Structures are given as structure tokens and as C-alpha cells.
A.B. asks: 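Okay, here's the structure, questions in a sec.
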Amino acid sequence: MTLVNFNNRTRNTAPYFNNVFDSLFTDAVTKNKMVNQSPSVNIYENETAYVIELAAPGLKKEDFQINLKKDTLSVWAEVKKDEAKAAKDFTRKEFDYSSFARSFNLPDTADGDKITAEYKDGILNINISKKDDAKLQHKEIVVS
């Protein structure tokens, strides 16, 4: 038996029947691409706090909910569609907003009573203060 590699996407030819199915399946898979995605984050530590930067452009600060339960910080956002707006006759519509959720386990040195959040320029900044006894102390050690 001989295996033959079939590729119908050659240059200077009209698209074949399989290309129709390729585009249909690709559109069906990528239509709700935000459903399984969560925003990217940067997490870093400075002398006094832990900082979480969450990239979520196109949202408003009212769309976010931040919750602390024990040592787990949960961040989620949900954009509700406004059905009252007049419907347009779209040929193709790709504006489809959805929700996301992220959870972060805080270390024992985090102070849950001192958490602040600010949303600016598409970035949600969450500042988690450290407990006083856990703040980094700069100390030089002399080698003997």
C-alpha cells in the first residue's frame, strides 16, 4: 500500500471543496476563543508588597470582582451584553465578550487586610501589602 500526501492548496489554482470545510471548522473553533483564555499576568515582589498586574484591555473597573477567601485571591470579570441597543444587520459579527476568572494563592507573609486594586490603561494592578515582620530587610553580611 502506498501513502499519498494530499494538499489541495497549490498556488495559482482555485480553492477546492476541502477549503470550504477548513474555513467552516476554523471559524467554529475560534468563534468563542475568549472562553478558554484567561488574561496574562505579571507577578512580582518589592520590599513592601506583592504586585499582580493583569492584562484585561477593553473592560471597565465596574466589570471586575476581587475576592479574598482564606489565602486565595480570586479575580473575575464579566461583561454583560446590552440587549436594549438596536440590532444591526451584520454579515459577520466577531465582537463577543465573555468572562474570565483567575485565582492566586497568597503566601503566609501577605497581609489580607491591606489589598488595593486599580484599573488603568487596560491593566488591573493589585497591590498586596506584606506583614510588617515579613518585609524585606536589607542587611549586609560580613564574611569572616
Side-chain angles (χ1 to χ4, degrees), residues 2-141:
T2 304
L3 296 176
V4 178
N5 187 8
F6 178 74
N7 185 2
N8 64 352
R9 293 183 181 159
T10 58
R11 284 185 260 158
N12 300 326
T13 60
Y16 287 92
F17 187 70
N18 285 345
N19 286 355
V20 173
F21 286 111
D22 287 346
S23 67
L24 285 175
F25 290 125
T26 302
D27 289 345
V29 169
T30 61
K31 181 178 182 208
N32 292 321
K33 57 187 168 187
M34 286 298 291
V35 170
N36 293 326
Q37 291 183 352
S38 58
S40 300
V41 297
N42 294 331
I43 301 174
Y44 62 92
E45 173 183 2
N46 59 32
E47 290 182 12
T48 61
Y50 301 100
V51 180
I52 300 173
E53 297 175 333
L54 192 130
L59 299 176
K60 297 179 284 195
K61 66 180 182 177
E62 296 84 21
D63 295 333
F64 292 100
Q65 288 187 331
I66 302 172
N67 187 4
L68 178 65
K69 185 175 184 178
K70 293 190 179 183
D71 64 342
T72 303
L73 181 74
S74 299
V75 180
W76 64 90
E78 182 177 9
V79 179
K80 295 180 180 166
K81 296 179 183 178
D82 187 9
E83 300 295 332
K85 292 183 179 178
K88 296 179 183 178
D89 189 20
F90 289 101
T91 302
R92 181 175 181 142
K93 185 171 186 215
E94 292 184 351
F95 289 174
D96 190 21
Y97 299 102
S98 60
S99 62
F100 70 85
R102 294 284 309 248
S103 293
F104 306 96
N105 290 327
L106 300 182
D108 293 335
T109 56
D111 189 354
D113 295 329
K114 297 179 183 175
I115 298 176
T116 60
E118 178 187 24
Y119 182 67
K120 184 177 180 184
D121 298 330
I123 305 291
L124 177 66
N125 289 302
I126 302 171
N127 191 323
I128 306 157
S129 294
K130 292 181 180 179
K131 294 178 182 174
D132 289 333
D133 58 343
K135 292 183 181 174
L136 294 177
Q137 298 177 1
H138 184 71
K139 181 179 174 182
E140 187 173 331
I141 310 290

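Please read all numbers here as calculations on a predicted model, not as lab measurements.
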A.B. asks: Is there side-chain contact between Ile66 and Leu124, with heavy atoms separated by less than 4.5 Å?
C.D. replies: yes

A.B. asks: For Pro39 and Leu54, which heavy atoms make the closest approach, and how far apart are they?
C.D. replies: CG-CD2, 3.6 Å

A.B. asks: Taking the side chain as every heavy atom from C-beta outward, state whether Leu59 and Phe100 have any pair of such atoms under 4.5 Å apart.
C.D. replies: yes

A.B. asks: To the nearest 0.5 angstrom, please state how far the CD1 atom of Ile115 sits from the OG atom of Ser129.
C.D. replies: 8.5 Å

A.B. asks: Take Ile52 and Val75, measure what side-chain contact (heavy atoms from CB on, under 4.5 Å) needs, and give me the verdict at the end.
C.D. replies: CA-CA 11 Å; Ile52 300 173; Val75 180; over 6 Å; no

A.B. asks: Partners of Asp111 by side-chain hydrogen bond (donor to acceptor under 3.5 Å, both in side chains), sequence neighbours excluded?
C.D. replies: none

A.B. asks: Going by heavy atoms in the side chains, are Ile43 and Phe104 under 4.5 Å from each other?
C.D. replies: yes

A.B. asks: Who pairs with Gln65 by side-chain contact (heavy atoms from CB on, under 4.5 Å), at least two apart in sequence or on another chain?
C.D. replies: Trp76

A.B. asks: I need the Glu53 CD to Asn127 CG distance, nearest 0.5 Å.
C.D. replies: 10.5 Å

A.B. asks: For residues Ile128 and Ala110, report the shortest heavy-atom separation together with the two atoms involved.
C.D. replies: CG2-CB, 3.8 Å

A.B. asks: For Asp71, enumerate each residue passing the side-chain contact (heavy atoms from CB on, under 4.5 Å) test, keeping only those at least two apart in sequence or located in another chain.
C.D. replies: none

A.B. asks: Side chains of Ile126 and Phe64: does their closest heavy-atom pair fall under 4.5 Å?
C.D. replies: no

A.B. asks: What's the spacing between Thr72 OG1 and Leu106 CG if we round to 0.5 Å?
C.D. replies: 7.0 Å

A.B. asks: About how many Å separate NZ of Lys61 and CD of Glu118, when rounded to the nearest 0.5 Å?
C.D. replies: 9.0 Å

A.B. asks: Under the 3.5 angstrom rule, does the side chain of Tyr119 hit a backbone N or O of Ala56 as a donor-acceptor pair?
C.D. replies: yes

A.B. asks: For Asn67, is the CG atom crowded, meaning more than 12 foreign heavy atoms sit under 6.0 Å from it?
C.D. replies: yes

A.B. asks: Using modelled atom types only, decide if a donor and an acceptor are shared between the side chain of Arg102 and the backbone of Ser38 within a distance under 3.5 Å.
C.D. replies: no

